K.L.:
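Okay, here's the structure, questions in a sec.
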Amino acid sequence: MGQKSDPTGFDQIFVLGLEPDGTPRGARFNVLKDNIVSAAMDMNCRVLIRQPAEVSAVASKLPLGHVLGTGKVVTLFIPRIESSLYRQVLEAARIARIHEEARFAAAILKTVH
């Protein structure tokens, strides 16, 4: 059961991982379902959900992943990707996390005087 198009206004799920030989894999999914997230985590993949626009812009270059099977237990097809794209998505996510932590710290400082 594959996904054919991107629904408008929906934050995608981005999945990144490495094969045992170090080959990067990555995909985007248009449907937020527990079984997709669970299957990705079982594959030792990073799962990025509801990412800021900066991360989504880079991660939207990932190929569309496919969900194989139905029900609670599914298998994911996550294609191989270029190492450069893998690094770009992880770097964008790292920078977004740093900015978010800085915003939280600033908000705490404003509330605690």
Side-chain angles (χ1 to χ4, degrees):
M1 160 167 98
Q3 303 168 61
K4 303 226 183 222
S5 64
D6 299 344
T8 57
F10 183 77
D11 292 326
Q12 294 181 334
I13 302 168
F14 306 108
V15 177
L16 296 166
L18 294 173
E19 291 184 358
D21 67 357
T23 305
R25 290 190 173 266
R28 58 189 164 86
F29 294 88
N30 295 328
V31 181
L32 177 57
K33 289 189 175 181
D34 289 343
N35 59 359
I36 294 174
V37 174
S38 179
M41 292 173 66
D42 288 345
M43 296 170 67
N44 293 322
C45 291
R46 292 179 188 231
V47 180
L48 306 174
I49 302 171
R50 292 186 182 96
Q51 293 298 301
E54 300 83 15
V55 178
S56 294
V58 176
S60 66
K61 297 175 186 174
L62 291 170
L64 202 56
H66 297 281
V67 180
L68 308 171
T70 59
K72 288 189 176 192
V73 179
V74 297
T75 303
L76 301 180
F77 172 71
I78 302 173
R80 291 180 177 186
I81 59 172
E82 294 288 326
S83 297
S84 60
L85 179 57
Y86 179 81
R87 287 191 305 271
Q88 289 171 1
V89 173
L90 290 180
E91 181 66 11
R94 185 184 71 79
I95 291 170
R97 187 180 69 244
I98 290 170
H99 289 161
E100 184 176 349
E101 289 171 357
R103 283 193 300 270
F104 284 149
I108 290 171
L109 289 175
K110 288 180 181 179
T111 58
V112 180
H113 334 129

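Small disclaimer: the values here were computed from a predicted structure and weren't measured. No hydrogens, no waters, no symmetry mates; every other heavy atom, side chains included, goes into these values.
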K.L.:
Suppose we screen for side-chain hydrogen bond (donor to acceptor under 3.5 Å, both in side chains). Which residues come up paired with D34, at least two apart in sequence or across chains?
P.N.:
none
K.L.:
Treating Ile, Leu, Val, Met, Phe, Trp and Tyr as nodes and any side-chain heavy-atom pair under 4.5 angstrom as an edge, say whether F14 and L90 lie in one connected cluster.
P.N.:
yes
K.L.:
So, taking the atom named CG in L62 and the one named CD in Q12, what distance separates them when rounded to the nearest 0.5 Å?
P.N.:
9.0 Å
K.L.:
Any idea which heavy atoms bring M41 and V47 closest together, and the distance?
P.N.:
CG-CG2, 4.1 Å
K.L.:
Which pairs count as salt bridge (charged side-chain N to carboxylate O under 4.0 Å, His left out) when at least one residue sits in residues 83-93, sequence neighbours excluded?
P.N.:
E91-R94
K.L.:
Check R50 against L32 and note the closest heavy-atom contact, atom names and distance.
P.N.:
NH2-CD2, 3.6 Å
K.L.:
Starting from V15, can I reach V58 by hopping between I/L/V/M/F/W/Y residues whose side chains sit under 4.5 Å apart?
P.N.:
no
K.L.:
With a 4.5 Å limit on heavy-atom distance, are the side chains of V55 and I95 in contact?
P.N.:
no
K.L.:
Would you please name every residue forming a side-chain hydrogen bond (donor to acceptor under 3.5 Å, both in side chains) with R97, sequence neighbours left out?
P.N.:
none
K.L.:
Of all residues at least two apart in sequence or in a different chain, which pass the side-chain hydrogen bond (donor to acceptor under 3.5 Å, both in side chains) check with T23?
P.N.:
D21
K.L.:
Tell me the closest heavy-atom pair linking P52 and A96, and the distance in Å.
P.N.:
CG-CB, 3.7 Å
K.L.:
Does V89 reach the side chain of L48, with side-chain heavy atoms less than 4.5 Å apart?
P.N.:
yes
K.L.:
Quick check: do H66 and L76 have side-chain heavy atoms less than 4.5 Å from each other?
P.N.:
no
K.L.:
If you compare all heavy atoms of G17 against all heavy atoms of Y86, which two are closest, and at what distance to 0.1 Å?
P.N.:
O-CE1, 3.8 Å
K.L.:
Applying side-chain hydrogen bond (donor to acceptor under 3.5 Å, both in side chains), can you list everything that pairs with E19, at least two apart in sequence or on another chain?
P.N.:
R25, R80
K.L.:
First locate atom CD of Q88, then atom OG of S83, and finally report the distance between them rounded to the nearest 0.5 Å.
P.N.:
11.0 Å
K.L.:
Taking side-chain contact (heavy atoms from CB on, under 4.5 Å) as the test, write out the residues that go with A27, two or more places apart.
P.N.:
F29, I78, P79
K.L.:
Taking all non-hydrogen atoms of both residues into account, name the closest pair between I81 and P63 and its distance.
P.N.:
CG2-CD, 3.7 Å
K.L.:
To the nearest 0.5 angstrom, please state how far the OG atom of S56 sits from the CZ atom of R28.
P.N.:
11.0 Å
K.L.:
So do the side chains of L16 and P24 get within less than 4.5 Å of each other, counting heavy atoms only?
P.N.:
no
